[in-house]
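Just so you know, these numbers come straight off a predicted model, no measurement behind them.
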Amino acid sequence: MDRSDMLQLQLQQQLSLAKSVRHRCNEWIFRDVPSDITIEVAGVTFSLHKFPLVSRSGRIRRLVAEHRDSDISKVELLNLPGGAESFELAAKFCYGINFEITPGNVAQLCCASDYLEMSEEFSKDNLGSRAEEYLESIVSKNLEMCVEVLQQCENLLPLADELKVVSRCIDAIASKACTEQIASSFSRLEYSSSGRLHMSKQATCDSDWWIEDISVLRVDLYERVITAMKCRGVRPESIGASLVNYAQRELTKKSSLWNPSGQTKVDFVTSSYGQEKLVVETIVSLFPVEKLAIPISFLFGLLRSAVMLDCSVACRLDLERRIGSQLDIATLDDLLIPSFKHSADTLFDVDTVHRILVNFSQQDDSEDDMEDTSVFESDSPRSPSQSALFKVSKLVDNYLAEIAPDANLKLSKFMVIADSLPSHARTVHDGLYRAIDIYLKAHQGLSDLDKKKLCKLIDFQKLSQEAGAHAAQNERLPLQCMVQVLYFEQLRLRNALSNSCGDEDYKPSHQSWRISSGALSAAMSPRDNYASLRRENRELKLELARLRMRLNDLEKEHVCMRRDMQKSSSRKFMNSFSRKFSKMSFFGNSSSKGSSSPSKHSLRTDSKVIERTCTSAE
């Protein structure tokens, strides 16, 4: 539908509206009294009477008074808010005809009464005060009514904003959502088995029922509502869920921007193109500060929309920064962003992915700088940032393998993606080797120099046994790389043989454990390497203290054993000595009893003396 067709359709709608208004007007106008004034509003004429209008409207009273000499009979009201429908309701009020004030017409009545100056200054209980009373007592206490009034205010700006109809409805919506959230939080409190209060976990939050209601608003009013909710303290998760719902509602009407595998380029109508671009930029500006308040799949979908709609640079950079902060939970389908530019030479948008990886690395470095030294005292084997690095490295390797077959992918772009992560991010280089092998297979025209540059990215010591065996026979690799692979395979085989031969020896096994520990620490980040060394140092200190205590105990036991051995050996020696001494005769071999008795007596005496001497010495 072109512009001329749209104008013709609007003209037909105005004509049909004028006919219906004129028909309704003939039903309640006094037919027995001829009209003395004609009011024209937006092309629709009303044949009315001066007295009821002048008694309620200060504007019409002033117009009639200014043209009293010329006996004015026709008045045209330009730019009346709400058009002919609003004036019809105001005229009915002037004539005393009852009608119902609803959320669908209260905003029009507030603006029309202000335009026609139907205030308390000219008549008691005038239209303006009636509309204000309904707005304060009825509409402001109901969220759905406030949303309906805001919808009506979309065509009444800026007057509805000047009369604070919009701001009052927005404050009421934000206050109601915050109250519902607090009430829901209290209802979810329950006592645990230990007697402490805690929040029960629920799959869905009942207090977020307003998300669907406010999604019907125009983007400028929706922006103001979300801003007011953030100021009131509504949960970031609820804000994020509302943004996701609104974006999917507004952006999936004419195009499929949320399908990661969809690569079709859609030509938009200019008005629709500008509207969707405004929606994307507005939603990005409303993102909560919290990291996980927005699902990463939605962030990637919005990034595709931003690239496709050519949104502002600030909008795309903000999306890339937010994606980079939680890239470790992304999937391969998320990273496969199609190139929407007609002049693009690649199938996928490699430049955007590179900027996301740069944001991830910078965010990781900044977090390392901000963390306190107490982090190094942690007993966990790996910090969350290190595990995130491992996950992202696998993701990048899979992404490289996916984009490698593209014949138009330049070597520089491939290498900059492969080299975007720090060296300690990859513990095993099998994925990187596989991606490089696919690239070499798809780009067989590379020179030897380019092949050497590309293969320098691989650390052949970090290849598994299967990958090393494949690389040793891979003719696509440069000869120097194949030699390196064979050399490291020989080293690995030699170490395996030496370890298998020395399994029963304590020292070689301890040495091999140290080697493996060093290899693990080399694969870790400097921060985690430092934490690992701190833990190992503490363990060694505790082990040394235990060994010292054990050594002291052994020394005490040794001293006691030595005393016992000396005591027992000395007694045995003296007993054996005394027995041998008793057999010896210093006076020759005498058979007489007299001669033998003195010698035995003297021996016994000497033996007792020696024993007493030893006992006193001990």
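Ring geometry for Tyr439 against Phe414 counts as parallel: the plane angle stays under 30°, on a 0 to 90° scale with 60° as the upper cut.
Taking a 6.0 Å sphere around CZ of Arg321, one finds it holds more than 12 heavy atoms contributed by other residues, nucleotides or ligands. The environment of Lys394 atom NZ is sparse: at most 12 non-hydrogen atoms of other residues, nucleotides or ligands sit within 6.0 angstrom. The environment of Gln465 atom CD is sparse: at most 12 non-hydrogen atoms of other residues, nucleotides or ligands sit within 6.0 angstrom. Enclosure of atom NZ in Lys451 by more than 12 non-hydrogen atoms of other residues, nucleotides or ligands within 6.0 angstrom is indicated.
Look at Arg426 and Asp459 and you find no salt bridge, because none of the NZ, NE, NH1 or NH2 atoms lies under 4.0 Å from a carboxylate O.
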Inset, instruction - Given side chain to side chain donor-acceptor pair (under 3.5 Å), test Thr352 with Arg355 step by step and report yes or no. - result: CA-CA 5 Å; Thr352 299; Arg355 289 194 297 270; 3.3 Å; yes
Inset, instruction - Show the numbers, then the answer: is there a side chain to side chain contact (heavy atoms under 4.5 Å, CB included) between Phe287 and Arg322? - result: CA-CA 10 Å; Phe287 279 159; Arg322 290 179 180 273; 3.3 Å; yes
Inset, instruction - Test Leu449 against Lys453 for side chain to side chain contact (heavy atoms under 4.5 Å, CB included), laying out the working first. - result: CA-CA 6 Å; Leu449 182 61; Lys453 288 181 181 179; 4.2 Å; yes
Inset, instruction - Kindly determine whether Val353 and Phe348 satisfy side chain to side chain contact (heavy atoms under 4.5 Å, CB included), including the steps that lead there. - result: CA-CA 9 Å; Val353 174; Phe348 299 102; over 6 Å; no
Inset, instruction - Run the numbers on Val559 and Lys556 for side chain to side chain contact (heavy atoms under 4.5 Å, CB included), then give the verdict. - result: CA-CA 5 Å; Val559 170; Lys556 291 179 181 178; 5.9 Å; no
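Residues Leu411 and Asp450 approach most closely at CD2-CB, 3.6 Å, considering heavy atoms. Of all heavy-atom pairs spanning His470 and Asp437, the tightest one is CE1-OD2, 3.9 Å. Residues Leu463 and His429 come closest through the heavy atom pair CD2-O, 3.6 Å. Across Cys311 and Cys315, no two heavy atoms sit closer than the pair CB-SG, 4.2 Å. Residue Ile294 comes nearest to Pro288 through the heavy atom pair CD1-CD, 4.0 Å, listed as atom of the first residue, atom of the second, then distance. Considering all non-hydrogen atoms of both residues, Ala425 and Phe390 come closest at O-CD2, 3.0 Å.
Distance check, rounded to the nearest 0.5 Å: CG of Leu286 to OH of Tyr246 gives 10.0 Å. The distance from atom CG of Leu302 to atom OG of Ser297, rounded to the nearest 0.5 Å, is 11.0 Å. For the atom pair CG of Leu457 and OG of Ser423, the computed distance is 12.0 Å after rounding to the nearest 0.5 Å. In this structure, OG in Ser361 is found 5.0 Å from CG in Leu421, a value given to the nearest 0.5 Å. The line from NZ of Lys456 to CD1 of Ile436 is 13.0 Å long, rounded to the nearest 0.5 Å. Taken from CG in Leu243 to OG in Ser238, the straight-line distance is 11.0 Å, to the nearest 0.5 Å.
Proximity of Tyr433 to Asn474: side-chain heavy atoms (C-beta onward) are separated by under 4.5 Å at one or more points. With a 4.5 Å cut-off on side-chain heavy atoms, Leu477 and Cys455 count as touching. By the 4.5 Å heavy-atom criterion applied to side chains, Leu327 and Leu335 are counted as neighbours. In this structure, Lys413 and His354 have side chains that are not in contact, with every pair of non-hydrogen atoms separated by 4.5 Å or more. Contact of the Phe300 side chain with the Asp333 side chain is not registered, since no non-hydrogen atoms from C-beta on lie closer than 4.5 Å. Taking 4.5 Å as the limit, every side-chain heavy atom of Ser420 sits out of range of all side-chain heavy atoms of Phe360. Looking at heavy atoms from C-beta onward, Leu336 lies in side-chain contact with Tyr399 at the 4.5 angstrom threshold. Leu357 is listed as a side-chain neighbour of Ile417, based on a closest heavy-atom distance under 4.5 Å.
Side-chain N or O atoms of Asp334 include one that pairs as donor or acceptor with a backbone N or O of Thr331 at under 3.5 Å. Within the 3.5 Å criterion, the main-chain N or O of Leu347 finds a donor-acceptor partner in the side chain of Asp406. No donor-acceptor pair under 3.5 Å is formed between the side chain of Ser464 and the backbone N or O of Val428. One N or O on the side chain of Gln181 and one on the backbone of Arg235 form a donor-acceptor pair closer than 3.5 Å. A donor-acceptor contact shorter than 3.5 Å is absent between the side chain of Lys291 and the backbone of Gln326. Judged purely by atom type and a 3.5 angstrom limit, Ser242 has no side-chain atom pairing as donor or acceptor with the backbone of Ile239.
Exactly one residue among Ile323, Leu303, Val313, Val284 makes a side chain to side chain contact (heavy atoms under 4.5 Å, CB included) with Asp318. That residue is Val284.
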